Protein chains: 2
Amino acid sequence: MGEFITRGYDATSMEDLSRAAGITKSSFYHHFAGKDALLRAALERALDGLFAILDEPAATTGSPLARLRYIVRGQVTVLQHDLPYVTLLLRVRGNTESERWALERRRAFDAQIASLVLAAVEAGEIRAGVEPALAARLLSGLVNSIVEWYRPGRTELPDDVVRAVFDGILPAAG
Amino acid sequence: MGEFITRGYDATSMEDLSRAAGITKSSFYHHFAGKDALLRAALERALDGLFAILDEPAATTGSPLARLRYIVRGQVTVLQHDLPYVTLLLRVRGNTESERWALERRRAFDAQIASLVLAAVEAGEIRAGVEPALAARLLSGLVNSIVEWYRPGRTELPDDVVRAVFDGILPAAG
DNA sequence: GTCTATAAATCGATAGAC
DNA sequence: GTCTATCGATTTATAGAC
């Protein structure tokens, strides 16, 4: 799994994976159906974690802004907890059926965020400094980019990210 | 080139590239030294474009905040102009010597941004709502994430991004 | 459950005719 | 410059002994 992250899915061979597991390639095939099955399981785990946030009570009740803050915070938490799986999800290009399935579900998740951003703007809770659809994309991009550098132990990260998103990454002093 | 973007570098074969060019694989090798040479040239182009921003007068004179705003704006402009090259750069994992070279130069670029963020905070020009090093990472992540969805034609994007970064992606209303 | 051996396909790259 | 043909290595995956 960690092999997929460091080298990339396509550049990682079953030989690489089995060696990392300390067994031969044949033995490795005894435990896992194949390369795509491994990928599929990892993508499912990441997507299940993300969609679970949307079903929580705090994500379905209250003002659009409060729900949005809760979801962003939860998104960072899932990213922390399932880092390798979410990382893999965010790097999928759509080369196989499993990858295309994951891309579609990811798009559905992002669309829910985008519609919530729009609702918060229309409710007058946040300012529309930039187009709501653009704001939603930049928001998702900022959150997702965390997988590129996060290492376990930074417990205050979710709150910091929420602050950066809603108060400004680099707000003017004064 | 576009093949590397849609399928990923590792999942794209020389056969794929030559077919896209309308010639056989052998003929393709007559024009290009090999797969790594293609990657290397693309990465160089992306990095040259990014580092060129740092050498411009507006990026080396004036207050840290003004320089930072100029660089962020320029970064988005380079990303728009050299989209496939920058996209490739941001997806490199470090599997070959060329990739490791590119990763190192990218880190040097990000480090310059980070030190400028720190200078702006210490000069009292921006607030330190979050740790400056974290703010710099989120800033780079937000900007880089644009390659995931940008399509030509959105000329006002650099200004919008600067606004989102310095005024807040989703600032509170009022 | 682990191994050796190997199949069948594909990979990056080259030889050499035209 | 383009082609057919092919090399040698590597790929995913399987067969079958222990």
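Everything quoted here is computed from the prediction, not taken from an experiment. In what follows, chains carry the letters A, B, and so on, assigned in the order in which the sequence lines appear, proteins first and then strands, with residues in each chain numbered from 1. Atom set for the values below is all heavy atoms of this structure, side chains included, hydrogens, waters and symmetry mates excluded.
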Chemist: Using a cut-off of less than 4.0 Å, is there contact between a side-chain N or O of B:Thr24 and OP1 or OP2 of D:dC3?
Modeler: yes
Chemist: In whole Å, I'd like the distance from the CZ atom of B:Phe32 to the C1' atom of C:dA13.
Modeler: 16 Å
Chemist: Nearest whole Å is fine: how far is D:dT6 C1' from B:Lys25 NZ?
Modeler: 10 Å
Chemist: Can you name the nearest heavy-atom pair linking A:Leu68 to A:Leu139, along with the distance?
Modeler: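 Smallest heavy-atom distance, with atoms named: CD1-CD2, 4.5 Å.
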Chemist: Whole Å only: how far is the OH atom of A:Tyr9 from the C1' atom of D:dT11?
Modeler: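 Computing the A:Tyr9:OH to D:dT11:C1' distance gives 12 Å.
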Chemist: Between C:dT10 atom P and B:Asp16 atom CG, what is the distance in whole Å?
Modeler: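 Whole-Å distance recorded here is 11 Å.
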Chemist: Grab the CE-P distance between A:Met14 and D:dA9 for me, whole Å please.
Modeler: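 Going from A:Met14 (CE) to D:dA9 (P), I get 23 Å.
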Chemist: Given B:Gln112, which of B:Val117, B:Leu54, B:Ile71 fulfils the side-chain contact (heavy atoms from CB on, under 4.5 Å) condition?
Modeler: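 Answer after filtering B:Val117, B:Leu54, B:Ile71: B:Leu54.
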Chemist: Grab the CG-C1' distance between A:Leu38 and D:dT12 for me, whole Å please.
Modeler: 12 Å
Chemist: Atom OH of B:Tyr29 and atom P of D:dT6: how far apart are they, to the nearest Å?
Modeler: 19 Å
Chemist: Taking only the side-chain heavy atoms of B:His30 (C-beta and beyond), determine which of D:dT4, D:dT12, D:dG1 contains the nearest atom.
Modeler: D:dG1
Chemist: Is the terminal nitrogen or CZ of A:Arg91 (NZ for Lys, CZ for Arg) located under 6.0 angstrom from the six-membered ring centre of A:Tyr9 and within 45° of that ring's axis?
Modeler: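 The answer is no; the distance or angle limit is not met.
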Chemist: Side chain of B:Ile23 only, please: which of D:dA13, C:dT2, D:dC3 is the nearest?
Modeler: D:dC3
Chemist: Any base atoms under 4.0 Å from A:Ser18, or only sugar-phosphate, or nothing? Heavy atoms, all strands.
Modeler: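 No contact at all - A:Ser18 keeps every heavy atom at 4.0 Å or more from the nucleic acid.
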Chemist: Has B:Lys35 got its NZ or CZ under 6.0 Å from the middle of the six-membered ring of B:Phe4, at an angle within 45 degrees of the ring axis?
Modeler: no
Chemist: Quick one: does NZ or CZ of A:Arg40 land under 6.0 Å from the six-membered ring centre of A:Trp101, within 45 degrees of the ring axis?
Modeler: yes
Chemist: Rounded to whole Å, how long is the line connecting atom NE2 of B:His31 with atom P of C:dG12?
Modeler: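 In whole Å, C:dG12 P and B:His31 NE2 are 18 Å from each other.
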Chemist: Taking only the side-chain heavy atoms of A:Lys35 (C-beta and beyond), determine which of D:dA13, D:dT4, C:dC3 contains the nearest atom.
Modeler: D:dA13
Chemist: Do the side-chain N or O atoms of B:Ser13 get closer than 4.0 angstrom to the phosphate oxygens (OP1, OP2) of C:dT10?
Modeler: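 B:Ser13 to C:dT10 OP1/OP2: no side-chain N or O under 4.0 Å.
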Chemist: Would you state whether a donor and an acceptor, one from the side chain of A:Ser26 and one from the base of C:dA5, lie under 3.5 Å apart?
Modeler: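 Check passes, donor-acceptor contact within cut-off.
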